[in-house]
Number of protein chains: 2
Amino acid sequence: MTKKSPSPEAITAWARLVRVSRQLIERTEDALKANGLPPLAWYDVLHELAEAGEGGLRPFELIDRVLLAQYGVSRLLARLEADGLVEKLPVADDGRGQTVRITASGREMRRRIWAVYGACIADRMGDRLSAQDLRTLASLLGRLRDPPASD
Amino acid sequence: MTKKSPSPEAITAWARLVRVSRQLIERTEDALKANGLPPLAWYDVLHELAEAGEGGLRPFELIDRVLLAQYGVSRLLARLEADGLVEKLPVADDGRGQTVRITASGREMRRRIWAVYGACIADRMGDRLSAQDLRTLASLLGRLRDPPASD
DNA sequence: TCCTTGTTGATGCAATTGCATCTATATGGA
DNA sequence: TCCATATAGATGCAATTGCATCAACAAGGA
């Protein structure tokens with residue numbers, strides 16, 4: 001088995017990707033913290049649950065959507081529930097499981113986070129690249145996904 | 001103070017960036033772990049120190065280069081030193097500080113990590129985008145940096 | 001010299017995360 | 001029915017991280 005060596009272009013692109021994404025995320029987390037808001041992961045879950053509507057989602061369905069480990073989801077949901085942002089309902093046909101649904105204050109919290117989060121995105125992406133460049137960027141990144149999905 | 005709203009293009013690009021970078025990094029960390037190697041952060045530090053040469057670097061110089069908090073650098077260096085991968089030397093003209101230098105086994109470890117890390121980059125970037133596309137990607141990402149730097 | 005302020009690096013403690021495992025329920029075959 | 005295996009979700013414990021603070025030295029002015 002021979003180990004492959006990456007091209008200089010691949011190394012540069014990788015380095016930029018890792019560095020820029022970390023910077024952007026970190027600054028966004030800082031902005032949330034500065035406004036007394038919870039971390040980005042909370043938004044991700046609230047967003048998915050809001051999209052899912054009244055039917056809610058099963059915890060295991062959240063795992064792939066928010067890229068968290070099973071125990072991460074379990075604990076994050078426990079915190080969200082403790083804060084009254086989501087509610088857990090028993091599932092009729094599966095005694096093991098539960099359905100998680102966003103509450104009214106969950107939706108409210110989502111809005112409050114978005115006010116800061118959205119502004120960060122606008123500042124750090126929208127203001128720096130044209131719509132066309134943003135589409136190009138999204139398309140290139142799309143080709144790096146695993147599994148390779150349609151674009 | 002009016003909060004800005006990001007364009008749909010900005011949101012899509014942002015979502016891809018966050019998701020793809022997390023996936024790539026996580027898979028790389030997994031590959032390292034599977035080969036019994038330390039995390040990426042160790043590589044970053046060893047890489048910077050290798051570049052710095054015999055003169056080594058002061059810990060505070062590492063902070064910005066590897067995007068770690070001060071205490072993160074302090075503790076990471078302590079582990080690297082405990083493993084004999086770096087050595088700390090007193091600084092002549094500043095009694096507070098120290099100079100950190102990579103050791104021979106540090107260089108060896110760097111090579112071993114790179115064998116896996118480099119292959120990941122080749123697999124996940126080099127094999128999926130052409131050299132031209134990689135340059136485009138790097139350029140677009142470059143414009144998202146903070147502070148905006150030349151390209 | 002002395003005192004105030006700034007910088008460098010380490011660390012105690014709390015919160016978070018990762019890993020392994022556990023409980024409870026479901027499923028399918030003998 | 002009974003048992004083996006699989007799946008959903010929670011959790012004990014260790015390792016890591018974040019926050020706040022500390023100790024040590026540096027630098028510059030009164």
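Labels below follow one simple rule: chain letters A, B, ... track the order of the sequence lines, proteins then strands, and each chain is numbered from 1.
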Q: May I ask you to verify if any side-chain N or O of A/Y71 is less than 4.0 angstrom from the OP1 or OP2 atom of D/dA10?
A: no

Q | Closest-nucleotide ordering on DNA chain D, the 5'-leading residue of A/R96 and A/V73 | A | A/R96

Q: Mark yes when over 12 heavy atoms from residues, nucleotides or ligands other than A/R112 sit less than 6.0 Å from its CZ; otherwise mark no.
A: no

Q.
Looking at B/K88, I'd like to know whether one of its side-chain N or O atoms comes within less than 4.0 Å of OP1 or OP2 on C/dT8.
A. no

Q) Would you say A/C120 and A/M125 make side-chain contact, with heavy atoms under 4.5 Å? A) no

Q | A/W42 CH2 to A/L76 CG distance, which is reported to the nearest 0.5 Å | A | 7.0 Å

Q: For B/L89 and C/dG9, give me the distance from atom CG to atom C1', rounded to whole Å.
A: 15 Å

Q: Using a cut-off of strictly less than 4.0 Å, decide whether B/Q98 has a side-chain nitrogen or oxygen near OP1 or OP2 of C/dA10.
A: yes

Q: Look at the side-chain N and O atoms of A/S74 and state whether any lies under 4.0 Å from the OP1 or OP2 oxygen of D/dA10.
A: yes

Q: Write down the distance between CZ (A/R22) and C1' (D/dT17), rounded to a whole number of angstrom.
A: 13 Å

Q: Report the distance from atom CG of B/L62 to atom P of C/dT8, rounded to the nearest whole Å.
A: 13 Å

Q.
Pick the closest DNA chain D nucleotide for B/G72 and for A/G97 by heavy atoms, then say which residue is nearer the 5' end.
A. A/G97

Q: Give the rounded distance in Å between these two atoms: CG of A/L76 and C1' of C/dT16.
A: 12 Å

Q: For B/E29 and D/dA15, give me the distance from atom CD to atom C1', rounded to whole Å.
A: 15 Å

Q. Side chain of A/Q70, base of D/dA10: donor and acceptor closer than 3.5 Å?
A. yes

Q. Given that B/P59 and A/A92 both sit by DNA chain C, which one's nearest nucleotide is further toward the 5' end?
A. B/P59

**Q.** Point-to-point distance, once rounded to the nearest 0.5 Å, from CZ of A/R96 to CZ of A/F60
**A.** 9.0 Å

Q. Between A/R79 and C/dT17, does any side-chain N or O lie under 4.0 Å from OP1 or OP2?
A. yes

Q. Can you check whether A/K33 has a side-chain N or O nearer than 4.0 Å to OP1 or OP2 of D/dC19?
A. yes

**Q.** Which atom of B/A10 lies closest to which atom of B/P6, heavy atoms considered
**A.** CB-CB, 4.3 Å

Q: Using heavy atoms to find the nearest nucleotide of DNA chain C for A/A69 and A/G95 separately, return the residue whose nucleotide is more 5′.
A: A/A69

Q) Between C/dT8 atom P and B/D93 atom CG, what is the distance in whole Å? A) 12 Å

Q: Figure out the CH2/P separation between A/W42 and C/dA15, and round it to whole Å.
A: 14 Å

**Q.** Which nucleotide in C/dA26, D/dG9, C/dC13 has an atom nearest any side-chain atom of B/R75
**A.** C/dC13

Q) Separation of B/E81 atom CD from C/dA10 atom C1', in whole Å? A) 13 Å

Q. Thinking salt bridges, do B/R128 and B/D133 make one under a 4.0 Å N-O criterion?
A. no

Q) Do the side-chain N or O atoms of B/R58 get closer than 4.0 angstrom to the phosphate oxygens (OP1, OP2) of C/dT7? A) no

